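Worksheet: the structure to be examined is printed underneath.
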Amino acid sequence: MQKTFISHRFHIIPQDLLSGYLKEGILPFVPEGSQEVSALGKVEFSQEPDIDDHGTSWAQNFAATSDDPSLSRWNGVRAFIAFRMTDGSVRLIGNGYGCPVITVTPHAGAVRISAEFKAFEPILL
């Protein structure tokens with residue numbers, strides 16, 4: 001059995017390019033106009049169940065570091081994050097009802113991109 005891991009490539013997708021498709025039930029994809037990013041190291045993704053009176057939701061956290069300073073334009077912007085698995089499949093943070101606000105933190109020679117999102121279902125890795 002082949003193991004699949006998160007690759008070092010991900011995409012930042014403006015909300016308006018994908019939300020309409022997701023509301024119609026179309027599977028997530030990477031549309032033309034999204035920004036592809038190559039991370040300097042490992043892409044970090046975690047999700048934990050959050051159980052309250054309304055049921056179970058999933059707290060999802062994403063983070064990666066890149067040497068592309070143009071990514072600063074995404075700071076504070078609501079956008080989807082699509083990350084690729086090593087088998088070529090795409091996983092999406094966000095859904096037809098919303099997407100995370102991207103945070104970009106500058107560092108010497110690099111930027112850190114992060115996002116937090118509450119989802120109704122977990123992302124299957």
Side-chain angles (χ1 to χ4, degrees):
M1 184 170 121
Q2 180 182 358
K3 288 190 175 186
T4 302
F5 300 96
I6 299 173
S7 80
H8 68 283
R9 296 200 173 278
F10 63 97
H11 299 265
I12 301 175
I13 306 170
Q15 184 176 14
D16 61 337
L17 289 182
L18 196 56
S19 60
Y21 291 104
L22 296 174
K23 287 178 184 175
E24 292 178 18
I26 296 173
L27 293 176
F29 65 98
V30 179
E32 192 77 28
S34 62
Q35 183 170 357
E36 183 175 10
V37 182
S38 182
L40 290 174
K42 184 178 176 182
V43 169
E44 300 169 25
F45 175 74
S46 65
Q47 57 187 349
E48 296 292 328
D50 186 12
I51 302 169
D52 61 18
D53 293 342
H54 302 288
T56 302
S57 61
W58 293 85
Q60 299 173 340
N61 293 291
F62 172 89
T65 303
S66 174
D67 60 358
D68 183 352
S70 75
L71 294 171
S72 294
R73 72 184 180 99
W74 294 102
N75 190 45
V77 174
R78 201 168 277 285
F80 295 98
I81 297 281
F83 56 91
R84 293 202 178 271
M85 305 302 286
T86 54
D87 67 358
S89 61
V90 174
R91 302 299 191 269
L92 185 73
I93 300 174
N95 55 40
Y97 302 102
C99 57
V101 173
I102 308 300
T103 301
V104 180
T105 308
H107 295 280
V111 293
R112 179 104 169 138
I113 301 98
S114 60
E116 297 178 358
F117 187 70
K118 280 248 191 206
F120 303 121
E121 297 179 5
I123 292 176
L124 300 177
L125 300 175

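Bear in mind that the values here come from a model prediction, so they are computed numbers and not experimental data. Residues: numbered from 1 along the sequence shown.
Under the salt bridge (charged side-chain N to carboxylate O under 4.0 Å, His left out) criterion, no residue pair touches residues 59-79, with sequence neighbours excluded. Sorted by first and then second residue, the salt bridge (charged side-chain N to carboxylate O under 4.0 Å, His left out) pairs involving residues 95-109 (not counting sequence neighbours) form an empty list. Applying the side chain to side chain donor-acceptor pair (under 3.5 Å) test to residues at least two apart or on different chains, the pairs with a partner in residues 51-64 are Gln47-Gln60. Contacts classified as side chain to side chain donor-acceptor pair (under 3.5 Å) and involving residues 12-26 (residues at least two apart or in different chains) are not found. Sequence neighbours left out, not one pair with a member in residues 92-106 passes salt bridge (charged side-chain N to carboxylate O under 4.0 Å, His left out).
The two residues Arg91 and Ser89 come nearest to each other via the heavy atoms NH1-OG, 2.7 Å. Scanning both residues, Ser66 and Ser38, for their nearest heavy atoms gives OG-O, 3.6 Å.
Expressed to the nearest 0.5 Å, how far NZ of Lys42 lies from NE2 of His8 amounts to 14.5 Å. Atom CZ of Phe80 sits about 5.0 Å away from atom CG of Leu22, to the nearest 0.5 Å. The CZ atom of Phe29 lies 9.5 Å from the OG atom of Ser34; values are rounded to the nearest 0.5 Å. Annotation: the span from Leu17 atom CG to Ile12 atom CD1 amounts to 12.5 Å, rounded to 0.5 Å.
When the salt bridge (Lys or Arg N to Asp or Glu O under 4.0 Å) test is applied to Glu36, the partners found at least two apart in sequence or on another chain are Arg9. For the ring-ring contact (aromatic ring centres under 6.0 Å, His included) test, residues two or more places apart in sequence or in another chain that qualify with Phe45 are Phe83. The side chain to side chain donor-acceptor pair (under 3.5 Å) check on Asp50 picks up Lys118, with sequence neighbours excluded.
Following chains of ILVMFWY side-chain contacts shorter than 4.5 Å, one cannot reach Ile13 starting from Val77, and the two form parts of different hydrophobic clusters. If you chain together hydrophobic residues whose side chains sit under 4.5 Å apart, Phe62 and Ile6 fall into the same group. Hydrophobic clustering, with ILVMFWY side chains joined whenever heavy atoms are under 4.5 angstrom apart, groups Val43 together with Met85.
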>> As a quick check of understanding, evaluate side chain to side chain contact (heavy atoms under 4.5 Å, CB included) for Leu71 and Gln35, giving each step before the final call.
In response: CA-CA 9 Å; Leu71 294 171; Gln35 183 170 357; 3.3 Å; yes
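Its side chain outside the 4.5 Å cluster rule for every partner, Leu124 clusters with none of the Ile, Leu, Val, Met, Phe, Trp and Tyr residues. Other residues sharing the hydrophobic cluster of Val30, ordered by chain and number and joined by side-chain separations under 4.5 Å: Val90.
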For residues 96-115, dump all side-chain donor-acceptor pairs below 3.5 Å to protein atoms at least two apart in sequence or in another chain.
residue : atom : partner : partner atom : Å
Arg112  : NH1  : Thr65   : OG1          : 3.2
Arg112  : NH2  : Glu44   : OE1          : 3.2
Arg112  : NH2  : Glu44   : OE2          : 3.2

